[in-house]
Structures are given as C-alpha cells and as structure tokens.
Amino acid sequence: MSRAVKYAERAVTIAAQGAWSVFEKLNSIRPNPSFTPKWSDKPLLKSWQKEKPPLGWPRTTDSLCPKCVPEIRQQIIDGKLPHEILLNEKVGEIKAQIIERDGQILMVKDCPKHGHFEDLMSIDTAFFRHLEEVFPGRDIRAHNDDKLHNHGTSTVTHGRGSVLTIDLTNRCNMMCDPCFMDANQVGFVHELTWEEIKTMLDNAITIKPRRQMSVQFSGGEPTLSPYFLDAVAYARKVGYNSVQAATNGIEFAKSKELCRAAAEAGLRYAYLQFDGIGNAANSHRKVGNLFDVKLQAIHNLHEAGVDIVPVTTIINGINNEQVGHIIQFALDNPKKINFLSFQPVSFTGRDEAVTDERRAAQRYTLSHLAHDVKTQTGMGEPARDWFPISFMSTFSDWADLVHGPNHEWGQLSCGCHPNCGIGMALMIDKETREAVPVTAFLNADRLAKDIAKVNDAARGKFLSIVGVALALLRNYDPTKSPTHFRILDLLQKFDKCFGATGRNYGKVTGDRTMADIEQRRADRWNFLFIAGMWFQDLFNYDFRRTEQCIIPYATQEGEISFCAYNTGIGWRNIIEKMHMTATLTKWYEEHGRHEIFAGGKKVGMESSQHTLVLNQAHVDAAANDSLDKLGIAKNAREEKLRAREAKLKQDAENARMAKLYREHILGEKPVEGLVSIDSIAPAPRPQAEEPVMGD
C-alpha cells in the first residue's frame, strides 16, 4: 500500500510540474511593485535588488591584525585612549586575501608591524563555492537605527537580525575552556540592572526593519541574574515570541521549579551547552558529572514545556569525534530534540593569545563539520544537503509577502554572510525514527529559485500560496522521502514553519499555554535542523561578515555585531569596563560568593531520573586524547603552565651557565654557606585550575 501511495504522489508531482509551467508564464506578466510593510520604512526587496558582498576567490577584504588589536584595546581599557577612537579610525585594520592553496581556502594577511598571518577557511573548495553560489543576497538595509548602530567600521548595516543577545551578567557557575567572554576572570562584575534590561528590549523594537527576533538571554550564566525570569516575561510582553536562555543547564538540572517558572514566564528555548555524549566527552569543562547535569536539564525543561537546543563548541582534538554521537542522540530522542547547533571554536577570550601550534591543531571549520557529519553518520552530502543559513531568507521573504503590509513584525530572517553559518535538515519519523535529509527528496536549490519568482511577482496572499504549493510539489520526489511521509505532511510542515494560512498548529505567542505546546509537539514529523555557526576571531576576521551580522548584542552602547563584540575589536571588554557594576572585592562584600563548579566538582541534583534514550557505547567512550599524543596543549591554561615551566627551566639553565662561567672563566670560587644552584629543586607544577571567583 505504501509503495502505491508513493507512486500516486509521484503522479501528482508530475502534474504539478505542468501546472507550474503555466503558472510561471502567467506570473511573469506585469509583476506588481513591492509594498512597504508596517514594520519597515522601505519596500520589500525583489530578488535582483539584493546586494551581495564580494564573493569567490581570490578576493581582498578588510580584516584585523591579531597583535595590534589587543594592544590598542588594552590602552582603551586602561584609559590611555578614548573609546571614540573606534568610531572614527580604522583601529588595527589591515587588508586580507582569501585564496586557494593545495585544495584548501585560506585567509592570509600581513601587518607592517607584526608580520604574516594565515589561517584555514575551508578544507573543501567545492563546498565553499557551493555556499557562496546559493547565497541569495543581503536583506533590507537597517534604518531608523542611528541611535543603536554607531560603531565605526564594526557597524551592522544590513538586515533585521535573527537573535538579539543580552548578557544579563558576567558571573558564571563554571570555569570553562574555551570561554569567549572570559567569565569569572576579569576582576569585576558587570550585571545589568532591571532598568537597563527593559531599555535594551524597548530600544530593540525601534529599529527598522522591525525584527521578530529570538531574544537570547546569556552571560556568564543568565540564571544567576536576579532578573532572569522578569527579563523573559518582559521580552514576551513587548512582542518577542521566541525567548531563549543560553545556559549550561546547572540551575535547571537542580530545580524543576525553576524550569516551570521559566516556562510560565515565556521561555521557549534553552540553548544548552552540550559538548558530547558521556561525562568523558565533557571532562574538559572540569565538572565531575556534567553529562548527567545535561540529561537532567533536558528532562526537566522538556517536562515544563521548554524546547532544548544542544549547542556544541567543536574543537579539533577535543570533541570533534562527538559530532556523530550528538546527532545520534537527537535521532534517538526525536520528541525532545529538534535543533542542534554546532559552533566551531573561535580563538578569543581566554584563547585570544593561542599559540600558532595549538591554533593549527584545533582549528575547525564549517567544512570540517559537513564532512564529519557525512563520515560519522553516513548522512549528508556536503555540496547537496548543506546550505548557508541565509539561504532560508528567500522563504522568509515569501512569508513577509503573504502576511501582508499591515503585519506588525517582519518574519525572522537569517540573512548573514554565507561564510558565517550553514544548515542541513533531516525529516525524522518520531514513531519509527527513520531519518532522511530533506534535500534528498526536495530539490532545495530549484525550489528557492521558484519561490523567488513568486516573491518578485508580488501577486498577493492567495496566488503566492498557490505558487509556492506548486513549487513544493514539482520539486518533491516522494520515492526518496521517509516511508510514511506524505504530500500533505510536506505542505503542512511548510505552513507550520511560516504561518501562511493562519491555521492553528498551537500558538507561539506570549499567551500560549501548555495545550498549545502539546499541540505543536503532537506532529509526527520532526524537522531536525543541524546548524553550524562559525564565529570569527582575529585570525580570520572579515568586516564583510560583520556588517550583515544577524546576532547582535544589545548593550549600554547600542547593538553590536556578535563578532565585533566578542572577537574582533573586542567591544565587550571595553563596554563591560565602562559600565562595571562593582569590583570583585566590593561585590563579595555586598552579595557574597556564588557557587562555582570547577576542578572536578560535582553538581548536586534532587534527581537523576530522566526518560532520554542513550547509546551506551557512546556514553562509555573515552575522552579524545589525540592532542596528548601529539604533545599539544589543549587550552590556554595548559599553554600558560607549559610556558611557566619552560621559563623556570630556562632560568635554571641560565643560572647554571653563569655559575660555570664565573668558576671556569673568571676563576671565582663558590661562596661557602650558599646553596648551589644545582641543588635547587624545580618549582612544583601549578595546579590545573587557577583561582576562581567563588568558593
């Protein structure tokens, strides 16, 4: 019966091909002009109006010197230079070339003062070319934004954004390597007041195009802020439907009550730090039972109605072998996990002074991710099934069109540079756990071109829906889709994502209930999106990426590109010092110390019972030791320890040679009563953990 249904559906798709041909010809006659929606002062863009930055290679771009920037930043922090220099001068900027060499894509650049730098951009030229070729172009230029976007050459100029990040506090209950914000190590506390939080959220909705973004509360650890729940509720109140917390999960694992309270306040997603399967795979975070914490957090949050997005910082030699394990974990738990985010390491924060040796060994790119998924799971052809996440902006443009000119918010749109982020989608049957890449049965490239033609004609809601329905059907191959997947499932899944018809699949607005959540979860089909988001560092920085950032930070000094804030010129260090809440000493006196889990300390939890399915072989796997075998440091702390030991050895050797010189060349005799340098024992090796803020 199933095969007969598939063949019948194949006949429907063939008929849709013919119907599309007629529709396309009629649709191309005298297209309508674009309307200007309520959420923008500029009209919707036609596909041919979308600008593109220089792409391909070789090409030249604007970058930063990895040595000049930290020096100048420190002068600003120390008060020797005004921060306004960043608004008026091209501080630390140098030209960079993106080239091909030996089948790889590299960024190479030269600083007149500090010399030559180069770093890896991609291990697969065909994959890199594919991502840039299918990039649909930039979104509407940001406007009505002068108050919030004024950061010199780091200013965000294009797009509406996708995730607005607000760091509630720089305090954290862990001491991680890597940590792009260097939490607990900067010597002061930067924690937003309630008025500052409200102001940032109020300001965010003034920018045009008015953005239906995900608001992500981060840190540090956002749950340590006394205003965490209030911030979630207020974000919902001002109109943001997708409110997230970027969290390590400790507080959520410890307290089901906190999970329930967060869900009631309006928390929709927990962006959960998740480095691998098993405690060994998480051991580099130095928490004794961290994987158990993750499982309990997932269980508690899902039970409360919050969806979970495991977020994995991928580092070669640390956890790159975990890509397949994590995807298998999601496949085994399709009712609880529908999004995975892999983030290749960015050498910033504690890792900004990384050695060339460690950087080369640990560098991980988006191309590594695509190939590791293929190698470790057998799924996903790099140049067929992966697309830049900005590829979806064509579909968002269609949603903006059908929602009409009176809609209050623009559709969430990920219009970032094609080198920033990628994605692959799997369609998973929650009942049988069968999984198939969506692009194996849906011609995504041709579908996007078809939808662009529908958008450009601007025929109105009804004809735009008809056109996209025909485009979906003609690009769908039912013989390659999951066994029980039907055409109706395809159309409903698309409608559920973009809300075109107005059908109720369960509300996502601020007044949603647990019944709405359960209604959305009842869908048999899990659209598992596997994303890769590669944040820049000083070694691969490209201003063409910064200016169309979709993940801005809301700060007391406006909204700043994620990379400009954390990794480029380093606005984070400057702004947090400018708006410092208190020194650590003062904070401790007034508030005491919060608990920190480091050095193997375990988290105490009320329960460790969960309903997640685990692959025991993955749970029991040993930690990645490939860097140990190569004799390469795994993190900044190890590099400091090795440098310290090398200096002690060098000092001892210098002292020994000086002693020999005095005795044998100058003829001096050893002074009696003094300890010989040869008898001095080496200094004891420092402990792996440095002093931390907490107990």
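In this chain, numbering begins with 1 at the start of the sequence shown.
Closest non-hydrogen pair, S561 versus S154, comes out as CB-O, 4.3 Å. In plain terms, the two heavy atoms of N248 and C172 that are nearest each other are ND2-SG, 4.0 Å. Nearest heavy atom pair, residue C259 against residue V306, reads O-CG2, 4.5 Å. Shortest non-hydrogen contact noted between R73 and G568 is NH2-O, 3.5 Å. In this structure, L224 and R171 approach most closely via the heavy-atom pair O-NH2, 2.9 Å. The minimum heavy-atom distance between S162 and L412, with the atom names listed, is OG-CD2, 3.6 Å.
A salt bridge does not link K208 to D145: none of the charged side-chain nitrogens sits closer than 4.0 Å to a carboxylate oxygen. A salt bridge is defined here as a Lys NZ or Arg NE, NH1 or NH2 lying under 4.0 Å from an Asp or Glu carboxylate O, and D275 with K294 fails to meet this definition. Of the charged side-chain nitrogens involved, at least one lies within less than 4.0 Å of a carboxylate oxygen, so that K254 and E251 count as a salt-bridged pair. The pair R363-D537 counts as a salt bridge, with a side-chain nitrogen and a carboxylate oxygen less than 4.0 angstrom apart.
Taking the six-membered ring where tryptophan is involved, the planes of F529 and F339 are tilted, since the angle between them lies from 30° to 60°. Taking the six-membered ring for Trp and thresholds of 30 and 60 degrees, F562 and Y553 have ring planes inclined between 30 and 60 degrees apart.
Annotation: the span from N319 atom CG to F274 atom CZ amounts to 11.0 Å, rounded to 0.5 Å. Note that CD of E576 is 9.0 Å distant from OG1 of T169, once rounded to the nearest 0.5 Å. Taken to the nearest 0.5 Å, the NZ atom of K602 stands 12.0 Å off from the CG atom of L290. Atom CG of N624 is separated from atom NE2 of H284 by 10.0 Å, given to the nearest 0.5 angstrom. Note: D139 CG to I550 CD1 = 10.0 Å, rounded to the nearest 0.5 Å. Interatomic distance, N289 CG to L295 CG, rounded to the nearest 0.5 Å: 10.5 Å.
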* I318 and K634: CA distance, side-chain angles, deciding distance, side-chain contact (heavy atoms from CB on, under 4.5 Å) verdict -> CA-CA 7 Å; I318 299 294; K634 294 190 286 293; 3.8 Å; yes
* Pair Y240-W409, ring-ring contact (aromatic ring centres under 6.0 Å, His included): steps then yes or no -> CA-CA 9 Å; Y240 292 114; W409 300 81; 5.2 Å; yes
* Could you please spell out the steps behind the side-chain contact (heavy atoms from CB on, under 4.5 Å) verdict for F535 and I551? => CA-CA 10 Å; F535 301 119; I551 313 180; 3.9 Å; yes
* Asked: How far apart are the C-alpha atoms of R642 and E645, what are their side-chain angles, what is the distance that settles it, and do they pass the salt bridge (charged side-chain N to carboxylate O under 4.0 Å, His left out) test?
  -> CA-CA 5 Å; R642 293 186 183 193; E645 289 180 346; over 6 Å; no
* To do: Apply the test salt bridge (charged side-chain N to carboxylate O under 4.0 Å, His left out) to residues D230 and K198: give CA-CA distance (whole Å), side-chain angles for both, the deciding distance (0.1 Å), then the verdict.
  => CA-CA 10 Å; D230 294 328; K198 289 196 297 182; over 6 Å; no
* To do: Output, in order, the C-alpha distance, side-chain angles, deciding distance and verdict of side-chain contact (heavy atoms from CB on, under 4.5 Å) for R236 and V215.
  => CA-CA 9 Å; R236 282 283 196 172; V215 174; over 6 Å; no
* Pair N419-W534, side-chain contact (heavy atoms from CB on, under 4.5 Å): steps then yes or no -> CA-CA 8 Å; N419 297 162; W534 189 18; over 6 Å; no
* For R358 and E638, run salt bridge (charged side-chain N to carboxylate O under 4.0 Å, His left out): C-alpha distance rounded to whole Å, both residues' side-chain angles, the deciding distance at 0.1 Å, then the answer. => CA-CA 11 Å; R358 180 161 72 90; E638 285 192 12; over 6 Å; no
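Counting heavy atoms from C-beta on, the side chains of E559 and V156 never come closer than 4.5 Å. Side-chain contact check for T555 versus W571: every heavy-atom pair is 4.5 Å or farther apart. The shortest distance between side-chain heavy atoms of Y234 and I197 does not fall below 4.5 Å. Side-chain atoms of V293 and Q296, non-hydrogen and from C-beta on, never get closer than 4.5 Å to each other. Side-chain atoms of E589 and T585, non-hydrogen and from C-beta on, do get closer than 4.5 Å to each other. At least one side-chain heavy atom of H190 sits less than 4.5 Å from a side-chain heavy atom of Q556. At least one side-chain heavy atom of R285 sits under 4.5 Å from a side-chain heavy atom of Q273. Y364 has its side chain out of reach of Q362: every pair of non-hydrogen atoms, C-beta onward, lies at least 4.5 Å apart.
Distance alone, capped at 3.5 Å, places no donor-acceptor pair between the S225 side chain and the P222 backbone.
D119 and Y541 share no side-chain donor-acceptor pair at under 3.5 Å. With 3.5 Å as the limit, one finds no donor-acceptor pair spanning the side chains of N338 and D307. Looking at E71 and H114, their side chains do bring a donor and an acceptor atom within 3.5 Å of each other. For E606 and S255, the side-chain atoms include no donor-acceptor pair closer than 3.5 Å. Side-chain atoms of Q322 and T312 include no donor-acceptor pair closer than 3.5 Å. A donor atom on one side chain and an acceptor atom on the other are not found under 3.5 Å apart for H368 and N320. E557 and H151 share no side-chain donor-acceptor pair at under 3.5 Å.
Counting heavy-atom neighbours within 6.0 Å of K67 NZ, excluding the residue itself, gives a total of 12 or less.
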